Amino acid sequence: MRKLSIFSIFVLLILASCGKKEEQQMPSIVAAPFPVQTVTLQDAIVYQEYTANLEGQQNVEIRPKVNGFIQKIYVDEGQLVRKGQLLFKLETQTLNQDASAAKAMVKAAQVEVDRLKPLVDRKIISNVQLETAKAKLAQARSAYGSIAANIGFGTIVSPVNGVIGSLPFREGSLVSSTSEMPLTTVSDTKIVRAYFSMNEKQLLLFNKTFKGATTAQKLKAAPEVSMLLVDNSEYDQKGKIATINGLVNPTTGTTQFRAEFKNPEGVLRSGSSGIIRLPIIQKEVILVPQNAVFEVQGKQLIYVVGQGNKVKSRIVTTNGTSDLNFIVTEGLVEGDVVVIEGASKLKDDIVIVPQQTKNEIQLTATSTPAK
């Protein structure tokens with residue numbers, strides 16, 4: 001019995017020793033540091049984006065006024081031309097022949113008037129015959145003048161300064177005033193017009209945002225707009241909204257706007273496209289970095305730091321994005337502390353070591369595409 005008791009005590013001492021070693025080997029859980037940010041109300045610039053079609057300030061279709069074969073083309077596609085510069089010469093040989101015949105008719109009518117005038121003065125014939133001859137002379141002069149004008153229309157010059165468009169016809173082609181296609185188009189692109197549309201909801205927001213009793217006053221209050229080119233670069237000139245169509249298109253439910261941009265280096269071309277960006281300042285909104293927001297089953301969530309530095313996920317609603325920030329409209333209030341990095345490493349009720357960062361995103365530009 002005594003030996004058994006000593007053995008039992010020995011076993012208990014060994015077990016106790018092992019327990020202490022296991023306790024020493026178990027690692028303690030240490031809270032990890034995470035960057036956090038305190039939610040504040042700020043101002044943000046939101047860019048509303050609209051697809052635009054570009055046109056020159058003047059797009060003049062060049063059409064012949066008379067029928068004829070193209071005798072000579074003096075310009076090429078893409079060439080800069082001045083107002084009054086010669087563009088086309090039409091063959092007018094038939095018109096020249098008609099002009100010669102008409103001129104002969106004028107001379108014959110003049111001879112008849114000259115012959116009858118002394119006879120009327122001597123009262124040999126009545127004045128009615130002379131007046132009839134004078135009427136025929138006027139008619140002959142009118143016919144000659146019309147033909148001469150048509151001969152002049154065979155020489156086609158540019159009505160404006162601009163850039164030559166496509167040339168669908170070649171020398172020797174027969175053209176007429178009723179041809180479906182113009183000879184070319186001359187585009188004045190020193191000022192380029194960007195046409196874009198807003199739906200009724202966007203138009204209402206525009207009218208509420210920019211103060212003024214009239215459309216002219218609202219346009220004056222509206223800021224300058226920028227434009228993204230097809231390569232997603234921003235055009236280096238700012239534009240201004242010049243006009244708003246007074247009616248809503250009943251078919252599309254949209255209203256057309258026109259913005260104008262200077263084009264000193266000819267970067268913009270008539271017929272191309274771009275994206276107009278209209279800046280609108282939103283007062284006292286909540287901005288958080290996009291890295292802070294994650295998505296689960298179609299819902300946007302963010303981790304909020306609570307008592308004891310425990311984190312809890314919270315559903316948020318955003319409206320508008322930028323390269324760095326979301327505008328949060330629901331789910332957060334001023335004073336909340338949110339984790340801005342490392343959301344993928346967190347779970348609800350995990351304790352962290354908050355590392356406060358400065359909120360330096362005031363007046364951050366965000367973008368909201370027009371739909």
Side-chain angles (χ1 to χ4, degrees), residues 43-61 78 80 160-163 165 185-283 319-323 327 363-371:
D43 293 342
I45 300 176
V46 177
Y47 284 98
Q48 298 286 344
E49 297 183 345
Y50 306 93
T51 302
N53 297 318
L54 307 185
E55 292 184 8
Q57 187 175 20
Q58 286 183 301
N59 283 337
V60 182
E61 291 185 345
L80 288 170
V160 295
N161 298 327
V163 180
T185 301
V186 179
S187 300
D188 182 357
T189 57
K190 288 183 179 179
I191 301 293
V192 171
R193 294 174 171 178
Y195 293 91
F196 61 98
S197 297
M198 290 187 187
N199 59 37
E200 294 183 62
K201 185 177 179 180
Q202 293 162 347
L203 179 61
L204 183 60
L205 175 62
F206 181 91
N207 289 331
K208 287 182 176 180
T209 302
F210 304 112
K211 305 302 180 183
T214 65
T215 298
Q217 291 174 347
K218 292 182 184 295
L219 290 177
K220 188 175 181 180
E224 291 184 321
V225 296
S226 56
M227 180 164 58
L228 294 180
L229 304 178
V230 292
D231 62 353
N232 288 326
S233 65
E234 185 169 316
Y235 183 53
D236 60 3
Q237 299 279 339
K238 296 293 184 181
K240 186 69 176 175
I241 299 177
T243 63
I244 303 175
N245 194 313
L247 299 175
V248 175
N249 188 318
T251 303
T252 62
T254 60
T255 298
Q256 190 176 67
F257 284 61
R258 188 186 83 215
E260 295 183 350
F261 293 83
K262 293 181 179 179
N263 190 29
E265 297 182 3
V267 174
L268 305 179
R269 288 298 180 102
S270 184
S272 58
S273 61
I275 296 177
I276 297 297
R277 306 183 77 211
L278 171 65
I280 297 177
I281 296 178
Q282 291 192 5
K283 296 289 186 179
N319 180 24
T321 63
S322 71
D323 292 336
I327 296 179
L363 288 177
T364 302
T366 66
S367 300
T368 302
K371 296 181 180 179

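These figures come from a predicted structure and were not determined experimentally.
Side-chain contact between Ile241 and Leu278: present, with at least one pair of heavy atoms (C-beta onward) separated by less than 4.5 Å. With a 4.5 Å cut-off on side-chain heavy atoms, Arg277 and Val225 do not count as touching. Side-chain atoms of Glu200 and Leu203, non-hydrogen and from C-beta on, never get closer than 4.5 Å to each other. Using a 4.5 Å cut-off on side-chain heavy atoms (C-beta onward), Gln282 and Ile327 make contact. Inter-residue side-chain proximity for Leu54 and Met227 is flagged as met; some heavy-atom pair is nearer than 4.5 Å. Side-chain contact check for Tyr195 versus Gln256: some heavy-atom pair is nearer than 4.5 Å. Annotation: side chain of Tyr47 is not in contact with side chain of Ile280 (no heavy-atom distance under 4.5 Å).
For Phe261 against Gly239, the heavy-atom pair with the smallest separation is CE2-N, 3.2 Å. The heavy-atom pair separating Tyr235 from Pro264 by the smallest distance is OH-CD, 4.1 Å. Annotation for Asn59 and Ser187: closest pair OD1-OG, 2.7 Å, computed over non-hydrogen atoms. Shown here for Val186 and Gly162, the closest heavy-atom pair between the two residues is CG1-CA, 3.9 Å. Smallest separation of non-hydrogen atoms from Pro223 and Pro279: CG-O, 3.5 Å. Heavy-atom minimum distance, Ser197 versus Thr254: CB-CB, 3.9 Å.
Between the side chain of Thr189 and the backbone N or O of Val192, no donor-acceptor pair lies under 3.5 Å. Between the side chain of Lys218 and the main chain of Asn207, a donor-acceptor pair closer than 3.5 Å is present. Between the side chain of Lys201 and the backbone N or O of Met198, no donor-acceptor pair lies under 3.5 Å. Between the Ser272 side chain and the Arg269 main chain, a donor and an acceptor come within less than 3.5 Å of each other. Proximity of a side-chain donor or acceptor of Asn263 to a complementary backbone N or O of Leu268 within less than 3.5 Å is detected.
Between the CZ atom in Arg258 and the NZ atom in Lys240 there is a gap of 13.5 Å [rounded to 0.5 Å]. With rounding to the nearest 0.5 angstrom, the CD1 atom of Ile276 is 9.5 Å from the OG1 atom of Thr51. The OG1 atom of Thr209 sits 10.5 Å away from the CD1 atom of Ile281 when rounded to the nearest 0.5 Å. In this structure, CD in Glu234 is found 6.0 Å from CG in Leu228, a value given to the nearest 0.5 Å. Distance CG/Asn249 to CG/Leu247: 9.0 Å, rounded to 0.5 Å. The CG atom of Leu229 sits 8.5 Å away from the CG atom of Asp236 when rounded to the nearest 0.5 Å.
In summary, Arg193 and Glu55 do not engage in a salt bridge, as defined by a charged side-chain N under 4.0 Å from a carboxylate O.
Taking the six-membered ring for Trp and the full ring otherwise, Phe257 and Tyr50 have centroids separated by 6.0 Å or more.
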Can Thr255 and Ile244 be said to form a side chain to side chain contact (heavy atoms under 4.5 Å, CB included), step by step?
-> CA-CA 7 Å; Thr255 298; Ile244 303 175; 3.8 Å; yes
